[in-house]
Amino acid sequence: QVQLVESGGDLVQAGGSLRLSCAASGSRQSRQMFDYMGWYRQAPGKLRELAAKIDKGGIPTYADAVKGRFTISRDKNSVYLQMNNLKPEDTAVYYCNAAGDRVVNVEGAKVSYDYWGQGTHVTVSS
């Protein structure tokens, strides 16, 4: 089983910065590069939403709300989120995610995988 462990959440004032980190461990799969790693967030009373993700080629995707302020990066199966100019609306629990498809037999059949961390709290005060 793959475990994703996040760190870096904290209480910060508006305009401040935080850096979130996530590292994968556990099964042999955690030593093969995941197709995608990313950060999702869930604010109180709202649905979980994508903040940013990055594929194994290093191509990032950002939600419109964080473009220009957040930067996602990756080192094999660790992923980082540098968050600058934080706003109160960035307050949420941030979840690390690893997802993709992996080949399971010699015929090339694939199964999907989708792993989640426990979440790290980010609170931005105004």
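Positions are given from 1, in the same order as the sequence printed here.
- The distance from atom CE of Met37 to atom NZ of Lys76, rounded to the nearest 0.5 Å, is 13.5 Å.
- Linking Ile, Leu, Val, Met, Phe, Trp and Tyr residues whenever their side-chain heavy atoms come within less than 4.5 Å leaves Leu50 and Leu18 in two separate clusters.
- Side chain of Thr120 to main chain of Tyr94: no donor-acceptor pair is present (N/O by atom type, distance under 3.5 Å, no hydrogens or angles).
- Both Ile72 and Val122 belong to a single network of hydrophobic side chains, linked directly or stepwise wherever heavy atoms of I, L, V, M, F, W or Y lie under 4.5 Å apart.
- Sorted by first then second residue, the side-chain hydrogen bond (donor to acceptor under 3.5 Å, both in side chains) pairs that include residues 8-22, not counting sequence neighbours, are Ser17-Asn84.
- Every residue two or more places apart in sequence or in another chain was checked for a salt bridge (charged side-chain N to carboxylate O under 4.0 Å, His left out) with Asp114, and none qualifies.
- In this structure Tyr62 satisfies the ring pair (Phe, Tyr, Trp, His ring centres under 6.0 Å) test with no other residue, sequence neighbours excluded.
- For the residue pair Ser126 and Ala14, the shortest heavy atom distance occurs at CA-CB, 4.3 Å.
- Using a 4.5 Å cut-off on side-chain heavy atoms (C-beta onward), Val2 and Phe34 make contact.
- A donor-acceptor contact shorter than 3.5 Å is absent between the side chain of Gln1 and the backbone of Gly26.
- With sequence neighbours left out, the salt bridge (charged side-chain N to carboxylate O under 4.0 Å, His left out) criterion links Asp55 to no other residue.
- Of the possible polar contacts, one joining the Asp35 side chain to the Asp101 backbone as a donor-acceptor pair under 3.5 Å is found.
- Atom CD of Glu89 has more than 12 neighbouring heavy atoms from other residues, nucleotides or ligands inside a 6.0 Å radius.
- In this structure the side chain of Met83 reaches within 4.5 angstrom of the side chain of Leu20, judged on heavy atoms.
- Residues meeting the salt bridge (charged side-chain N to carboxylate O under 4.0 Å, His left out) test with Glu49, sequence neighbours left out: Arg41.
- Applying the disulfide bond (SG atoms under 2.5 Å apart) definition to pairs two or more places apart or across chains, those involving residues 85-126 are Cys22-Cys96.
- Salt bridge status for Lys67 with Asp64: present, with a side-chain N to carboxylate O gap under 4.0 Å.
- Rounded to the nearest 0.5 angstrom, Ile54 CD1 and Thr61 OG1 are separated by 9.0 Å.
- Residues Glu6 and Gln118 share a closest heavy-atom pair of OE1-N, 3.1 Å.
- Using cut-offs of 30° and 60° for the angle between ring planes, the Trp116 and Tyr40 rings count as perpendicular.
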- For Phe70 and Leu86, what are the C-alpha separation, side-chain angles and deciding distance, and is it a side chain to side chain contact (heavy atoms under 4.5 Å, CB included)? CA-CA 9 Å; Phe70 290 11; Leu86 282 160; 3.9 Å; yes

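- Listed for the Asn77 side chain is a donor-acceptor partner under 3.5 Å among the backbone atoms of Gln32.
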- Residue pair Tyr80, Asp75: steps toward the side chain to side chain contact (heavy atoms under 4.5 Å, CB included) verdict: CA-CA 8 Å; Tyr80 310 95; Asp75 179 11; 4.2 Å; yes

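- Atom-to-atom distance recorded for Gln42:CD and Leu47:CG is 7.0 Å, nearest 0.5 angstrom.
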